[in-house]
Amino acid sequence: MSAPIGSTVLGYPRIGPRRELKKALESYWAGTSSAEDLQAVAAEIRAGTRADLAALDSQPTGTFSFYDQVADVTALLDAVPPRFRPDGSRAGTALDEYFAMARGTASAPPMEMTKWFDTNYHYLVPEIGPDTTFRLAGRTPVDLFREAVDAGVRGRPALVGPVSYLLLAKPADGAREGFAPLSRLDDVVAVYAELLGELADAGAEWVQLDESAFVQDRTEVELEGLRRAYERLAALERRPRILTVFSYGDPAGALDVITRTGVEGVALDLVTAPGLVDRVPSTTGLRDTTLVAGVVDGRNVWRADLPRVLSRLATVLGGVGDLAVSSSCSLLHVPYDVSVEDALDDSVAARLAFAREKVAEVALLGRALTADGSDDLRHAVSAETALPRAEVDRAVRDRVREVEAADRTRSAYDVRRKAQADRLGLPDLATTTIGSFPQTPDVRRARADFAAGRLDEADYTVRMQAEIERVVRLQEDLGLDVLVHGEPERNDMVQYFADTLPGFATTRLGWVQSYGSRCVRPPILHGDVSRPQPMTVEWARYAQSLTARPMKGMLTGPVTILAWSFVRDDQPLGETADQVALALRDEIADLEAAGIGIVQVDEAALRELLPPRRSEWGAYLDWAVGSFRLATGGAADETQIHTHLCYSEFGDVIDAIDGLDADVTTIEAARSRMEILADLAEVGYSRGVGPGVYDIHSPRVPTRDEIAELIAEARRAVPDDRLWINPDCGLKTRGYAEVEPTLRAMVDAAVDARSSSGR
Ligand code: GLN
Ligand code: ZN
């Protein structure tokens, strides 16, 4: 084949090794720097990326984005929702319109954001209607390809493919019921066809089109769309070779479809879907196709097992036209560089590979696969022998092994309910909050000063206690029934726990993009997890000492802790989750001993971790629900366990929510008008439920009447003695100016409701 891809990656982080893009974006948005300044930073980041990828045979171009790769296509196709063009045409520069879509304007709310497959990245959901017009509105992919050529790099323009673009879209406002964005496929493909012509003219040998939407369950019609789109693109006279990418899972039937369309290359994620390797020989369409084997994990931080990878690759060599090696997906999901992490334990660092180290792994594999690679191969093998394993904590292992079904089972709900009612004596329509209160600049500063050593532990404790006392007094004044301490000591609901639990490490610069300029620094769960000392008990005890009302202890559940960390991949996730669960179980026991009668275990991420294919949901939910029940299963009957879930579209996990067996479940509901309650009733959920009556994602202060109406609606579905009144989620991102009047209105509305009969 004349233009082999060789070693490559499918994408690269773009926020900058020191978050340069984040800073440049935020200063541009604040008006303190110019568009030219921003462009200059972006160009530097792209140059840095080319340098980082220099050891590869070929590189993707255009994986840089100012905000999001899906929004890039929206701009490229000119599929800008009309609310951003009130006068019918673009108002400012293309860049400003792009940021308007991402961030909203005074008159137009931003585009919705949602999770990119089962990763922690979020994309901007395209809004496609029957009247959306598509045209090639920009030349960014061409420009970025040329920029790479000028820098002497063999680039491969990369963008989201036309079919996935539409499958990831939602119907525009006003589209008729049942309208499918995919029905606009031909129009979108026409624009891609034009773009491919221009890329060919610019000298591109390959173009990379991401069709990862096909690792989710797809209908025949959708598969047919894939076939039609790629047959048409493949039939173009003037085009680069096409590499179609399926990351994050198994493309199942889409693999056969794509290999018969005439595209020259297919990239498969052999890390997430290792079983695909066995399908290669029988996929006849691959015999004259380039298989880009995604063998280096693009979304986790562990070094690859190179010898194992090589021997697996050897088994597919004969079945494909050409074999290239790559990351399993874009490296967008991992930090830049392990070597700058000077505070990491050597034994942990030795097991890690971030983006730069992964590039080196791919390059090495690429060389090992070529005829002259025997030396490299030997090096790879010996490097592997040196690949250290996680240290084993015998006590933790034994304890997990000895877990029995009974440990995951509490008494019957009726028994618990009675014991809790006797102990807590709460009114019907009990009021509470989800945990955090607004984080004031003062609180943030105290935490930062403590972390930096500018504030000693005693002073820090005094500052936090003062804040807790303030929040407790406020809640008493508002008349809430179940109080919280407000979480001032927590920067983040996972990191706080990771910081104290052995088995976790934190990085200094391990930032990854969550969306736009927003980055997270996930902890690394590298070893066996234990809990040598309590994590939250002193704060909870102090908070309870201030009030006669019940104080709710606040923990993050095992699934959410795993979901927002980089998790070891050397044992099943369920086993790791059980280790975390046992740590939480001990914490709950200590909270109980400290006199705490209600403990909330947040599982904000339960739905996020759902695998892309339905057939894998059962296995996932089994361990996910099991670990929650292990964490909470030791609680006494009279201890009330709450859980909180951050969303309302639960259709998919509704049985699992029931399966958690929490005494009270609080959920988001304000926006969706309580529809969820009927669904819960349908699966037989019969315990306490707190559908949010305050949309904390909006700065709006709802009126007491609006809240009263939501309460009235909820009362139609749930009896008063099981219905809780609370906001949608934690309050930490809001200000007191909004929170105080809203909570007051919420409590007043609940008290009103108590004195009126609901049904
Ligand atoms: N207890 C957490 C808080 O109130 C829950 C946040 C969440 O679910 N995202 O902040
Ligand atoms: Zn929430």
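In each ligand, atom 1 is the first atom listed, and ligand 1 is the first ligand listed. If you're wondering where the values come from, they're calculated on a predicted model, not measured in any experiment.
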key: Angular separation of His644 NE2 and Cys646 SG about the Zn ion (ligand 2), given to 10°   = 120°

ask   = Is a side-chain N or O of Gln513 found less than 3.5 angstrom from the main chain of Ile15, in a donor-acceptor match?
value = no

task = Taking Tyr123 for its side chain and Leu168 for its backbone only, find out whether a donor-acceptor pair lies under 3.5 Å.
result = yes

query = What is the closest protein heavy atom to atom 6 (C) of ligand 1, and at what distance does it sit?
reply = Met493 SD, 3.5 Å

message = Counting only heavy atoms, tell me which of Cys646, Gly486, Gly730, Gly435 gets closest to atom 9 (N) of ligand 1.
response = Cys646

request  = Verify whether one side chain among Tyr542 and Thr461 offers a donor that lies under 3.5 Å from an acceptor in the other.
outcome  = no

ask   = Any idea which atoms of ligand 1 are less than 4.0 Å away from a heavy-atom of Asp602?
value = 1 (N), 2 (C), 5 (C)

query = Are the side chain of Thr556 and the backbone N or O of Met493 linked by a donor-acceptor pair below 3.5 Å?
reply = yes

Note, Val751 side chain near Arg754 side chain (heavy atom, < 4.5 Å) = yes

key: Nearest neighbour of atom 8 (O) of ligand 1 from the list His644, Lys552, Glu603, on a heavy-atom basis   = His644

task = Consider every N or O of Ala604 and every N or O of ligand 1, then say whether any pair is closer than 3.5 Å.
result = no

note = In this structure, atom 3 (C) of ligand 1 is nearest to the protein heavy atom Ser436 OG, 3.3 Å

query = Which class fits the ring pair Phe117 and Tyr248: parallel under 30°, tilted 30 to 60°, perpendicular over 60°?
reply = parallel

Residue Lys732 vicinity, atoms of ligand 1 by number, heavy atom under 4.0 Å = 10 (O)

